[in-house]
Every structure is written in structure tokens, then in C-alpha cells.
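In what follows, chains carry the letters A, B, and so on, assigned in the order in which the sequence lines appear, proteins first and then strands, with residues in each chain numbered from 1.
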Number of protein chains: 2
Amino acid sequence: MTTTTGQVPATARRRAPSMADVAREANVSGQTVSRVSNGRDNVDAATRDRVLAAMAKLGYRPNSAARALRTGRFRSIGVIMFTLSSFGNMRTLDAITTAATDAGYSLTLIPVPHPTKGELSVAFDRLADAAVDGVILIIEAHLLDESDVELPGGLPVVIVDSSGDERFPAIDTDQAHGARLAVQHLLDLGHETVWHIAGPGRSYSATRRREAWAATLAEHGAEAPPALEGDWSTESGYELGLELAANPAVTAVFAANDQMALGVLRAMHESGRAVPGDVSVVGFDDMSESSSFWPPLTTVHQFFGEVGRRSVEALLHEVEVGERRDDSLVDVELVVRQSTAPPRA
Amino acid sequence: MTTTTGQVPATARRRAPSMADVAREANVSGQTVSRVSNGRDNVDAATRDRVLAAMAKLGYRPNSAARALRTGRFRSIGVIMFTLSSFGNMRTLDAITTAATDAGYSLTLIPVPHPTKGELSVAFDRLADAAVDGVILIIEAHLLDESDVELPGGLPVVIVDSSGDERFPAIDTDQAHGARLAVQHLLDLGHETVWHIAGPGRSYSATRRREAWAATLAEHGAEAPPALEGDWSTESGYELGLELAANPAVTAVFAANDQMALGVLRAMHESGRAVPGDVSVVGFDDMSESSSFWPPLTTVHQFFGEVGRRSVEALLHEVEVGERRDDSLVDVELVVRQSTAPPRA
DNA sequence: CGGGGAAATGTTTACGTCAACATCTCGCGT
DNA sequence: ACGCGAGATGTTGACGTAAACATTTCCCCG
């Protein structure tokens, strides 16, 4: 019936309305629509209203591809991480998402199914044609070091991990301080020494915790038993816990994360060793379930939210200002619950 | 030395190389570069090699904004979800990410900090200028129903939840079957009836589980005690568990998720009620920690991976083929561990 | 009452890619 | 020898936006 716009039944509409459509509807130039769309203030109030009305009427949505092409910015940050299984990574991702959103950036997730160099390369390739202004790496930085993978040139990168790598700023929890707090607590309770279930050796975080554990023992003249090495999983904590339970000399255990600590608790229960009566257990992370473990777990609280926030801050600073931020360490807090007590006399 | 390209020191390079740069370097037309870049087969092998070499030399990366602008496709899907806290959502997100990546799509995360209608609108607005071809909603669909929010027109949507909403296909775990399995198991062990700690009423999943619980009891002529309502958190399970522990008539509890079940376990321990001796407890989810709870938790295993995969499949089918998929229910499995036993005679 | 200038608005163009179409180069059959 | 067609490659233009620059309007001040 009407002639101008080549009307189509609403159900069959093909093309989303563009700036030009809005401009026509509001009887202004495209540029004015652009100005309204971007919230510039040099537009007459009446004009602005007219444009906004036209936008609403047509259901206009700016085409982000065109915008990105024009501006060279995607307003999106990429996060590369291993499968989301780990509790800490989840929380960090959550905080990153929130921080990025608040800053007006969207967030693109780039998974790495297996933590191998090859897979990492694949992820970086994906990254290459992903539409992001910068990248946060939540991976065990170790891999990066070994890796000859070329990170896409010119793309700002922030690493969430303790890294030896100098190429990029690293944001991390103060692993060493946390471990120190945990060991100190156990020693203060009167334990002769503290056994340790470490995380996998390829993880810098695990290494930091383990080193701080050993150092703290040494400072107090306590003899360090051999460290056991788990893989962060509850199961590995359980199996290693069974070993410890069988050794009557063990009175205090520091597990490198809460999940392994949970495994240790189970192992102790099954072996008839009372916690904290016979054996005290400390974890690391303070996952939300830890307060309901049996017994409620004494652990080192990580402020994942803060880590996430700082990562985004550092990355966006580099993206927008072009200035690299320094490394940053987020403090930690010991939460004493009921899995620790003085050794039985 | 060379003349053509207006060389800049590598450190100061401003602009990423474009197709035109590669074309010049390889001495072909831009279109040929495009063809190589998109893996078309109608390019001579020698030419292809030359182009690939030029790409490698210049570090060429296709500009996804330009590509998206030209093709009208972003090759990205959006996921709207509440803060990542919940275990199940995490796992689902993980699977979605993997499935999307395998299909060559990237994934954009759009968080909703608080599950209110207002926040949901904000998320949808964000979505509007996000560069996605379709959306997966991991939210309690309830909100959608109440909400007058207009979803961006023409954007395919899939909901991960049991939804009454007919507007979009829903993919979900078979909540009812899971609850039925749990209650049945307890009844089979000889318990007279089963108490229930439900999830929040606004959640369809919680409602489904609760209804199935009630229905199963009714079918067996068991009297249904009043359902308690938690908020999925360990804490709420603990508090409600304390109530149940104080009631000597309680011998079997079905908690609507593992975290609340963990809270119940703690409450029972603290109240001196043996699990499973005095009280049997069943959860729902089968989180990775559940096998190490004390006692290891009998629970309903959800196949989150399958849910995620099917969601992506359904969404991409609609995006690429334009055909809506039917609702889909993912089956479930009862995992019997050590938190359940016949009632004490 | 005229001129200067700020504010509002319009016009032109380029961002990098890919579809559509145009052209070119061969090999092969008759 | 010639022409035809298939495959390889080149040319042109448009996607929707925003920066840069151009133009218009109108208010204020001397």
C-alpha cells in the first residue's frame, strides 16, 4: 500500500533498521542519529527526543559490527581459561564479568579444553579472530612460559596467576602470605610440624603455596615432611589423605585448596581419625561450602572478587590509556573454624 | 630498504595489516586473499601458499568487525545468566562454551547481577548492542513470564530451565524424574515418608522437584509433611536442617540440591543425629564434591554437559537453519552412596 | 544594527570484508 | 586450428557507523 519504504509484513522483516532509517523517520541526518546514539550533548533537546522516539518506533539497535569497524574498538574483553571446573576460577570469572559489564565492556569467553601447549595455541588462534580489545588469561602461566605461542601482537594482556613471565602484568592472590598464615596457625596451636598436600607442580599458585609452607616451617625450626602432590581434586585429596591417616605421626595437614581438604576430611573419617581431635586440617580458598563441611573447615579466604576487579582495571587501563599497570597482589584472610585444634597431649 | 609499504618500526606500528596489505605482499587481489582466508577451494595451490606466506609474514588477522558487517553474522552466541555462583549453572555454562567453540562460535557472557525484572531489562538492553546471533537464557524463567521486557526482535532464544513460556524452546534436566527417583529410593528403603527442603518458589526447577516429591509420596500413600523452602545455599540447608534434626519423626530428607543437603548433613552432625543411621539424606545435582561429603552423599546426577550441548544445538539450528527446535528433557541418574539407609527398626 | 562566534545540524568519506559479476587462461574435443 | 567451458583471478560496490569538515542558525555584544 504505502510506497516509500518497501514495506514487509512484520513477521517477514529481513533487515534490522539502520541509522539511515531512523534518520529518515526523525527527519534528521544520520550523523545526528549517531550523536544521539552515542550520548553526545551537542544535540538540541527537541531533536534528541524526536530521534529517540524514532528509534523506539523502529526498534533501532546500533549495529555493533559497523561501530567496531569504524572505531576500531570492540568494547569487549576476552577471557581465556581452562574448563570452568575450578571453584576459584569461577569466582574470578564472575567478578571479571561484573567489572567488565560495569565498565561497559562485554565479555567473550575462550575456553581451553586441555591445558596443553597445543590447545593453548588453538585458543590463541581463536582469539585472533575474536572481537576483543584485550585479554585476561586465567591459566597456569607456566604453560605460557614453555609455550612458543605468539600472542596476537599489540593486544593488551593481563595474567591472573603468579607468573614468572615479565611480558604481561600479573594479578594474583598473595599465595605465599596465605600459606604462611595457614602454617603459622597450625604451629601456633602447638603442632610439631605440618604436612602439606600441594597442588600440581605445573601451577605457580601451587608452587608458591608449597614454598611458603616449607619456608614457614623452616623459620620455626620445624622439620618439613615430604610434600604430597594432588591435582586440586577432591579425589586426589582423599587418596593422599588416606596415606596421611595411616601415619600416626601426622597431626596437622595443610591442603592447598578446600576441595583437597574435603577429601582429607573424608579420609580421616573413614580411617577413624578425629578431626580436629587427632588431626587438624586447613584448606585454601574458602569456598562457600567450606563452612558446612564436617567439621567446618579452617581455611584461607581468597578475595576472588578483588582479583577479578583488579584484572579488569589493569586491562582496561592498558586498552584505553595505553599504559601498562604493575603487578598486583591481593591480600588474604585466615578463617578459623572447627577443623583445627591443639594436638592431643 | 624496500619501498612499497611505507614501513614503520615494528614497535610503533599503528594499524593492523588488512587484506589489502596481504594482497599487495602476495601480489594478488584482495578477493583472493579473502578466498584463502575463508578456506574456499577455488584457489590454485601455489597462489594459496603465497597468500598464506604473506599472511604469516605480516601477521594478518581478519577483522571480525568488518566480516560481521559484511556477512551480517557475528558467529557468537550470548549467554544471559545470574551471577555464576550456582554449581549447576557453572557446569552448564562450561558445556555451552565448549559446544559453541566446537561449532566455531565464540561466547559472550551477559551477567545479571540481581534476579529482578529491572536488572533483566538492563541485561536485555545490553544484549541489544551485543554482537550475538542468538541467546541462551540461564535464568529462572519465571522472571521472564512476569516480565514485560521485550526481547530483541528476531533474535533466536533458547531457555535453559523448565519454562511455562511458549515463546522459546526450553532445554532442561528432567527435574520431575530426578525427584521421583530420590523419593522412591527413600521409600524403597522403608521410610514412612520423606521430608523435603525445596528451592525458592520462584524457580521452576525447584517447583518441579517439589511437585514430583509430593506426587510420589501421594502415589505411595505416604503422608507429605510440609515442605521447607530454602534458597539453594548451604546456609539455608543448615538452618532448615536444624529444624528437621529437632524433630524425631524425621528419618528421611530430600534436599533440592547438594549444597542444601550439605547443610543438612552438618545440622544432623551438630544435633547428634547419625546419617544415615537416624536420618537418610538425598541431594540433587551430584556436584563433584558430593562423593566426599561425610557421609558421601546419595544424590541425583544431572548431566549438565548434555544440557549445555543441546542448548547450543537448538540455538544454532535456529540461527543457521531458521527452524525452531522442540523442548528437550535431559535424563537423570540416581547415585546411591552412603547417606541413605533403611530406617532404624 | 551589524559582525563574531558558538551551537546545531548536515555532507562526505573511509573503516575491512565479501558477494556478485567480469575477465582471463588454459586444455580439450572436433 | 578454433571455440567452448571450467577454473582461477580481478574489479566494483555496499554493509552501518562515526570522524572530519562544512554549513546554517541565531544570540549577544559593541
Side-chain angles (χ1 to χ4, degrees), chain A residues 5-6 13-52 54-55 58-76 128-133 152 154, chain B residues 5 13-52 54-55 58-76 128-133 154:
Chain A
T5 340
R13 75 170 304 110
R14 285 273 153 274
R15 204 175 53 85
S18 78
M19 235 175 53
D21 300 318
V22 176
R24 203 175 311 119
E25 175 77 23
N27 205 23
V28 295
S29 76
Q31 184 58 68
T32 300
V33 177
S34 168
R35 284 191 264 255
V36 171
S37 169
N38 288 5
R40 303 300 177 71
D41 54 355
N42 54 344
V43 177
D44 187 76
T47 308
R48 175 189 308 277
D49 289 348
R50 199 147 34 89
V51 171
L52 288 175
M55 285 179 172
L58 299 179
Y60 168 75
R61 298 296 175 189
N63 179 317
S64 57
R67 177 174 287 174
L69 175 59
R70 190 63 184 79
T71 62
R73 285 281 159 79
F74 296 100
R75 297 202 70 78
S76 178
D129 69 14
V132 297
D133 301 315
Chain B
T5 341
R13 78 172 299 110
R14 283 277 150 270
R15 204 176 51 86
S18 76
M19 236 174 53
D21 299 319
V22 176
R24 202 174 311 119
E25 174 77 24
N27 205 23
V28 295
S29 76
Q31 184 58 113
T32 299
V33 177
S34 169
R35 284 191 263 255
V36 171
S37 170
N38 289 5
R40 303 301 177 72
D41 54 355
N42 54 344
V43 178
D44 187 77
T47 309
R48 175 189 309 278
D49 289 347
R50 199 147 34 88
V51 172
L52 288 174
M55 285 179 171
L58 299 180
Y60 167 75
R61 299 296 175 189
N63 179 316
S64 57
R67 179 174 286 175
L69 175 61
R70 189 63 183 79
T71 61
R73 285 283 162 80
F74 295 99
R75 296 203 71 77
S76 178
D129 69 12
V132 298
D133 301 315

The reported gap from CG in B/Asp21 to CE in B/Met19 (rounded to nearest 0.5 angstrom) is 10.5 Å
Rounded to whole Å, please give me the gap between CZ in A/Arg40 and C1' in C/dA6. 18 Å
Counting only side-chain N and O atoms of B/Ser34, is one of them less than 4.0 Å from OP1 or OP2 of C/dG16? no
C/dT11, D/dA8, C/dT17: which one has an atom nearest the side-chain heavy atoms of A/Ser29? C/dT11
In this structure, how many angstroms lie between the P atom of C/dT9 and the CG atom of A/Asn27, rounded? 12 Å
Nearest heavy-atom contact between B/Gly59 and B/Pro17 is O-CG, 3.8 Å
Provide the full list of side-chain hydrogen bond (donor to acceptor under 3.5 Å, both in side chains) pairs with a residue in residues 37-49 of chain A, sequence neighbours left out, each pair given once. A/Ser37-A/Arg67, A/Asn38-A/Arg67
Using whole Å, what does the distance between atom C1' of nucleotide D/dT11 and atom CZ of B/Arg24 come to? 16 Å
Under 3.5 Å, is there an N or O donor on one side and an acceptor on the other linking the side chain of A/Arg70 and the base of C/dG16? no
For D/dG10, does OP1 or OP2 lie under 4.0 Å from any side-chain N or O of B/Thr32? yes
Looking for any heavy atom pair under 4.0 Å, which part of the strands does A/Thr47 touch: base, sugar-phosphate only, or nothing? sugar-phosphate
Using a 4.0 Å heavy-atom cut-off, does B/Val28 contact any base of the nucleic acid, only the sugar-phosphate backbone, or nothing at all? sugar-phosphate
Presence of donor-acceptor pair under 3.5 Å, side chain of A/Gln31 and base of C/dA8: no
Could you tell me how far apart A/Arg75 (CZ) and D/dT17 (P) are, to the nearest whole angstrom? 17 Å
What is the distance, rounded to the nearest whole Å, between atom CZ of A/Phe74 and atom P of D/dT17? 16 Å
Side-chain N or O of B/Asn38 versus OP1/OP2 of C/dC18: is the shortest distance under 4.0 Å? yes
Gap between atom CG of A/Leu58 and atom CD of A/Glu25 - 0.5 Å precision: 5.0 Å
Rounded to the nearest angstrom, tell me the gap between atom CE in B/Met19 and atom C1' in C/dA14. 15 Å
In whole angstroms, how far is the C1' atom of D/dT17 from the CG atom of A/Asp21? 13 Å
Below the 4.0 Å mark, does C/dC18 have OP1 or OP2 next to a side-chain nitrogen or oxygen of B/Arg35? no
Spacing of B/Leu69 atom CG relative to C/dA14 atom C1', expressed in whole Å: 12 Å
Between B/Val43 and A/Gly30, who's closer to the 5' end of DNA chain D by nearest nucleotide? B/Val43
With rounding to the nearest 0.5 angstrom, report the OH to OG distance, A/Tyr60 to A/Ser18. 7.5 Å
